[in-house]
Asker: 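Below is one structure. I have some questions about it.
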Amino acid sequence: MLSLPWYIYLLQFVSGLLLANGVPHFVQGICGHPFQSPFASPPGVGESSPVVNVLWGFLNLAAGFALLFAFAPKGSDVIAEWSLVALGALVTALGLARHFGRVRSGR
């Protein structure tokens, strides 16, 4: 039985989503590589500068950690709550792998 309001579980899922999305942008930016971002033309396909990607990645990581800090899994359903954070990260990672794989292969 879920012991917290539904939106807490949703925010935990979103924290995982944001954390996973921040990693490739932040890492590619730090490495000095241009990388796809929502700010490129076309969005998500064109490449943004490393600085844009560092900032975009950092914003995603900061928002993800802020949500995780504010709504950290600590209820009676702590395993289910951490599972939602992990599921958000996994869903995002799989979606990004598929998207970036297609974009980078030219399909």
Side-chain angles (χ1 to χ4, degrees):
M1 186 81 191
L2 301 178
S3 61
L4 299 172
W6 66 269
Y7 62 87
I8 301 293
Y9 298 106
L10 177 63
L11 291 170
Q12 290 168 342
F13 178 85
V14 171
S15 72
L17 182 149
L18 290 167
L19 291 170
N21 190 54
V23 170
H25 296 285
F26 193 71
V27 170
Q28 290 294 327
I30 286 175
C31 291
H33 300 144
F35 193 68
Q36 288 76 27
S37 85
F39 309 106
S41 181
V45 177
E47 294 182 336
S48 293
S49 73
V51 171
V52 167
N53 275 289
V54 165
L55 294 172
W56 179 238
F58 186 83
L59 179 67
N60 276 263
L61 291 169
F65 280 119
L67 281 175
L68 199 53
F69 181 76
F71 303 102
K74 58 185 171 279
S76 61
D77 300 320
V78 72
I79 293 172
E81 293 177 58
W82 277 113
S83 296
L84 283 170
V85 175
L87 183 62
L90 179 62
V91 166
T92 301
L94 292 172
L96 291 174
R98 186 173 181 203
H99 172 72
F100 291 139
R102 264 192 265 148
V103 168
R104 293 196 165 258
S105 72
R107 289 185 275 149

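All residue numbers refer to positions in the sequence shown, counting from 1.
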Asker: Does R104 form a side-chain contact (heavy atoms from CB on, under 4.5 Å) with F35? I'd like the steps, not just the answer.
Answerer: CA-CA 10 Å; R104 293 196 165 258; F35 193 68; 2.8 Å; yes

Asker: Going hydrophobic residue to hydrophobic residue with side-chain gaps under 4.5 angstrom, can you get from F26 over to V51?
Answerer: no

Asker: If hydrophobic clusters are built by linking Ile, Leu, Val, Met, Phe, Trp and Tyr wherever their side-chain heavy atoms come under 4.5 Å apart, do L96 and V103 end up in the same one?
Answerer: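 No: no chain of side-chain contacts under 4.5 Å links L96 to V103.
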
Asker: Do V52 and L55 sit in one hydrophobic cluster, given that two such residues count as connected whenever their side-chain heavy atoms are within less than 4.5 Å of each other, even indirectly?
Answerer: no

Asker: Are there more than 12 heavy atoms of other residues, nucleotides or ligands under 6.0 Å from atom CZ of F100?
Answerer: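 Yes, enclosed.
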
Asker: Write down the atom of G46, the atom of A40, and the distance for their closest heavy-atom approach.
Answerer: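 Heavy-atom minimum between the residues: O-CB, 3.0 Å.
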
Asker: Go through it in stages, so that I can follow the logic: the residues are V14 and L67, the test is side-chain contact (heavy atoms from CB on, under 4.5 Å), and I'd like the CA-CA distance, side-chain angles, deciding distance and then a yes or no.
Answerer: CA-CA 8 Å; V14 171; L67 281 175; 3.8 Å; yes

Asker: Look up atom CG in L84 and atom CG in D77, then write down how far apart they are to the nearest 0.5 Å.
Answerer: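 Here the rounded value is 9.5 Å.
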
Asker: If a pair satisfies side-chain hydrogen bond (donor to acceptor under 3.5 Å, both in side chains) and one of its residues is in residues 51-63, list it, with sequence neighbours excluded.
Answerer: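 Output for this query lists N21-N60, H25-N53.
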
Asker: About how many Å separate NZ of K74 and CG of L4, when rounded to the nearest 0.5 Å?
Answerer: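 Reported to 0.5 Å precision, the distance equals 8.5 Å.
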
Asker: Rounded to the nearest 0.5 Å, how far does CD of Q28 lie from NE2 of H33?
Answerer: 6.0 Å

Asker: Identify the two heavy atoms, one from S83 and one from I79, that lie closest to each other, and give their separation to 0.1 Å.
Answerer: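 Heavy atoms only, the tightest pair is OG-O, 2.7 Å.
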
Asker: If we check side-chain contact (heavy atoms from CB on, under 4.5 Å) with F13, which of these qualifies: L87, I8, V85?
Answerer: L87

Asker: Can you get from V91 to L17 by hopping between Ile, Leu, Val, Met, Phe, Trp and Tyr side chains that sit under 4.5 Å apart?
Answerer: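 Yes, it is one cluster - the side chains of V91 and L17 are joined through contacts under 4.5 Å.
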
Asker: Nearest heavy-atom pair of L68 and P73: which atoms, and what distance?
Answerer: CD1-CD, 4.0 Å

Asker: For residues F69 and W82: do they belong to one hydrophobic cluster (side chain heavy atoms under 4.5 Å, members Ile, Leu, Val, Met, Phe, Trp, Tyr)?
Answerer: no

Asker: Minimum heavy-atom separation for P50 and P34, please, with both atom names.
Answerer: CG-N, 4.0 Å

Asker: Measure the shortest side-chain to side-chain distance between V54 and I30 over non-hydrogen atoms and say whether it is less than 4.5 angstrom.
Answerer: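 Touching, per the 4.5 Å side-chain cut-off.
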
Asker: Out of curiosity, S15 OG to F65 CZ, how far, rounded to the nearest 0.5 Å?
Answerer: 9.5 Å

Asker: Give a yes or no answer on whether the side chain of E81 reaches the backbone of Y9 with a donor-acceptor pair at less than 3.5 Å.
Answerer: no

